[in-house]
Amino acid sequence: MILHALYSYHQRLSELHPDMPMEGFAPQPVHFALRLNNDGELMDVVDLREKASKGKKMLPRKMVLPSLGESKGSGIKPNFLWENARYVLGRDNKGKPQRTAKCREAFLALHEKLLGEADVPEAKALLRFLHNPPTLHPEIEKRWPEMETANLVFELGQRYLHDIQDFKDIWQNHGENGASTGICLVTGEHANITQLHPFIKGIAGTNSGGAALSSYNQKAFESFDKEQNYNAPVSRRVAFAYTSAINYLIRQKEQSLRLGESTVICWAEKACGLETSLFALFGGSTADPGNKSDKEADVTSAALRAGWLRKIGQGFPVTDIWPDFDPSVQMHVLALAPNNSRLSVSFYLHGPAREFLDHILDYYGNLKVVRRFDDEPEFPSVWQLARAVLGQHKKESDIRRLGGDLLSAALSGLRYPAYFLPMCLQRLRSGDAFRSVHAGLIKAMLIRNYNQEASMSLNPQHPSPSYQLGRLFALLVGLQRKAIGPNINADIRDKYYGSASATPSVVFPLLLRGAQNHISKTDAYGYDKLIREVLERINDSFPAHLNLEEQGLFALGYYHQRADKAIKQAEDAVSDVN
């Protein structure tokens with residue numbers, strides 16, 4: 001299904017972008033052009049590289065060239081009308097003269113086969129050159145250190161040979177005879193079957209040459225004496241189309257996102273505004289959350305995200321945001337991760353655009369809690385949530401990986417990974433400031449994973465004793481700060497939060513005895529009244545242990561009580577982030 005969806009998307013791209021590479025052609029990095037005359041003599045070596053936007057590095061130029069349509073592997077497989085110096089000149093410094101000679105012979109044989117009978121003047125000039133390449137030509141010697149591993153093309157009469165239409169036609173027609181044929185599993189048509197699929201490039205963690213999504217590297221995976229991808233026959237046309245579609249999507253900032261080891265791409269079967277806005281709705285339009293410029297870009301992304309979600313929440317039509325939004329359009333989200341020289345699918349989601357949007361709205365609805373401070377995000381990005389779980393000093397790779405798990409759960413509407421809640425609670429036990437981002441994620445976990453009731457703000461009538469115990473602990477913290485003032489080296493939250501949320505029967509009797517002293521020292525009638533109300537709700541009993549779910553309710557009750565406006569007004573003179 002994945003390949004079929006990508007094949008269909010490539011057909012849509014071909015209609016939208018007529019200049020997209022045709023089957024049998026693909027963008028390739030090119031460093032130098034060998035300029036020939038009509039007799040096939042080398043006249044000059046033209047440097048095609050371009051200076052990088054930053055630094056002094058020279059980058060190869062991207063040119064659309066004939067493509068094998070499959071990976072080379074470790075074999076000798078020459079390209080048509082372009083190659084590296086080993087194939088074109090029969091020269092390199094790798095110390096394997098026999099293999100180098102075979103590469104040059106294969107390159108020459110391919111061009112003799114395809115161009116030997118071509119009635120094109122440029123073909124005769126190229127073959128003369130290839131029969132006797134000037135390996136030690138002065139222009140080559142001058143640039144050899146840079147040319148040794150470079151890709152080379154040919155130029156004659158002020159045009160590149162690969163741009164000549166006769167040569168393009170020869171290349172597109174060359175594989176029709178003698179190719180292995182069969183029924184393509186994607187289209188159901190009888191067609192030429194490709195043995196090796198083209199490589200996908202741009203996936204983080206793969207080789208510069210790319211990696212294959214479909215491949216067979218062990219005999220144990222093969223059946224009925226079929227080799228490589230003949231075991232799962234896919235036509236050359238489909239293999240070219242789906243890999244071209246992935247390579248295109250990876251280059252689109254709005255439709256690709258790197259999370260952990262995975263690269264996530266998104267597309268739709270036809271134009272849909274959500275297609276290019278999906279990742280922005282999660283704060284995912286930034287490529288690197290650790291990069292300063294990307295952090296600044298996320299400020300813009302956050303404002304845009306908040307504007308969209310507020311409008312939808314206020315009942316405005318979705319078409320006010322995305323005029324071409326069609327709720328029935330099928331959308332696809334695919335996450336690819338490197339696995340040596342191959343790619344694995346981390347997750348794949350598909351469904352109507354309306355379904356994806358509903359999952360996103362549910363996701364943010366579950367995260368929504370009353371904010372204690374104005375600078376806290378109303379709609380936190382995946383990066384902010386990941387940092388809340390992992391802490392501020394974790395590696396960006398860890399934050400990306402957790403962000404990927406979060407994105408998958410949000411888009412699918414399924415449960416969050418089980419490790420989210422204990423890790424988030426651990427951050428609070430470690431003394432991290434208790435922000436709305438923590439509380440929102442805990443609330444979302446309780447709703448989705450544990451089917452618990454969880455409101456956006458304080459619920460004094462909540463039936464859970466654990467929630468009420470969290471409220472009680474928050475009241476005791478507030479009471480201490482009101483009695484002593486802001487200059488406390490370590491308050492009861494710093495000292496007792498971990499044990500109070502895990503073993504209430506051990507800690508709360510001690511804290512309540514201390515609370516009597518604070519009540520006698522200050523005008524704390526409001527606190528005294530609330531503490532008595534909470535104690536009545538739990539019948540003055542404290543459980544010996546709270547499990548993980550109950551600790552989550554404790555944390556949410558604590559946050560809700562601390563964020564309650566009545567308590568905040570009583571502490572308006574006290575600096576408080578916990």
Side-chain angles (χ1 to χ4, degrees), residues 369-373 376 388 424-440 442-443 455 457-460 462 464-538 540 542-543 546 550-578:
V369 292
V370 61
R371 292 178 292 163
R372 293 180 61 195
F373 305 102
E376 293 183 308
C424 194
L425 294 175
Q426 179 58 41
R427 299 317 312 163
L428 303 180
R429 286 194 291 268
S430 300
D432 281 13
F434 200 156
R435 297 285 188 175
S436 62
V437 178
H438 298 92
I442 291 170
K443 171 177 172 271
S455 59
S457 56
L458 180 65
N459 178 11
H462 198 290
S464 168
S466 303
Y467 181 89
Q468 298 295 340
L469 285 171
R471 287 187 62 206
L472 177 59
F473 189 76
L475 291 167
L476 294 172
V477 170
L479 174 62
Q480 182 192 43
R481 292 182 179 181
K482 184 171 179 60
I484 299 176
N487 300 318
I488 308 175
N489 291 329
D491 62 12
I492 61 174
R493 195 272 184 180
D494 300 321
K495 291 181 178 180
Y496 295 109
Y497 180 87
S499 53
S501 63
T503 54
S505 63
V506 176
V507 177
F508 274 99
L510 173 66
L511 296 180
L512 288 170
R513 284 195 295 271
Q516 296 305 314
N517 296 327
H518 297 318
I519 292 172
S520 64
K521 291 180 181 179
T522 185
D523 179 15
Y525 174 73
Y527 281 101
D528 186 29
K529 180 172 180 290
L530 288 170
I531 289 171
R532 291 180 182 279
E533 288 177 0
V534 173
L535 288 173
E536 288 177 4
R537 289 202 163 275
I538 60 175
D540 290 323
F542 303 101
L546 298 183
E550 292 165 337
Q551 288 181 42
L553 285 164
F554 181 99
L556 189 61
Y558 172 84
Y559 176 84
H560 277 165
Q561 187 64 67
R562 296 294 294 152
D564 185 60
K565 288 184 178 180
I567 297 301
K568 284 198 70 179
Q569 290 170 356
E571 299 175 3
D572 57 3
V574 180
S575 175
D576 174 19
V577 295
N578 292 321

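The structure displayed is predicted, hence computed values, not measured ones.
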Compare every heavy atom of [Y] with every heavy atom of [X], then report the nearest pair and how far apart it is.
{"X": "S464", "Y": "L553", "value": "OG-CD1, 3.4 Å"}
{"X": "H560", "Y": "Y467", "value": "ND1-OH, 2.8 Å"}
{"X": "Q561", "Y": "A474", "value": "CB-CB, 3.6 Å"}
{"X": "Q468", "Y": "I538", "value": "CB-CG2, 3.7 Å"}

Report the C-alpha distance between F373 and R435 in whole Å, list the side-chain angles of each, state the deciding distance to 0.1 Å, and finish with yes or no for side-chain contact (heavy atoms from CB on, under 4.5 Å).
CA-CA 9 Å; F373 305 102; R435 297 285 188 175; 3.3 Å; yes
In the structure I gave you, are the side-chain heavy atoms of [X] and [Y] within less than 4.5 Å of one another anywhere?
{"X": "Y558", "Y": "R493", "answer": "yes"}
{"X": "L512", "Y": "I531", "answer": "yes"}
{"X": "R513", "Y": "L510", "answer": "yes"}

How many angstroms lie between [atom1] in [X] and [atom2] in [Y], if you round to the nearest 0.5 Å?
{"X": "F434", "Y": "L556", "atom1": "CZ", "atom2": "CG", "answer": "7.0 Å"}
{"X": "I492", "Y": "R481", "atom1": "CD1", "atom2": "CZ", "answer": "8.5 Å"}
{"X": "Y527", "Y": "L476", "atom1": "OH", "atom2": "CG", "answer": "10.5 Å"}
{"X": "R429", "Y": "C424", "atom1": "CZ", "atom2": "SG", "answer": "10.0 Å"}
{"X": "E550", "Y": "L469", "atom1": "CD", "atom2": "CG", "answer": "9.5 Å"}

Does [Y] offer a backbone N or O that forms a donor-acceptor pair with the side chain of [X] under 3.5 Å?
{"X": "R537", "Y": "P460", "value": "yes"}
{"X": "Y559", "Y": "G470", "value": "no"}
{"X": "Q480", "Y": "D491", "value": "no"}
{"X": "Q551", "Y": "L546", "value": "yes"}
{"X": "E376", "Y": "S436", "value": "yes"}

How are the rings of F542 and F508 set relative to one another: parallel (under 30°), tilted (30 to 60°) or perpendicular (over 60°)?
parallel
Review item, side-chain donor-acceptor pairs of residues 500-507, under 3.5 Å, at least two apart:
unit_1	atom_1	unit_2	atom_2	d
S501	OG	Y497	O	3.0
S501	OG	G498	O	3.0
T503	OG1	S499	O	3.0

Are the charged groups of K529 and E533 less than 4.0 angstrom apart, N to O?
yes
Which of D528, V534, D564 passes side chain to side chain contact (heavy atoms under 4.5 Å, CB included) with L475? It is V534
If the test is side chain to side chain contact (heavy atoms under 4.5 Å, CB included), which one of L535, L511, V477, L530 qualifies with L472?
L535
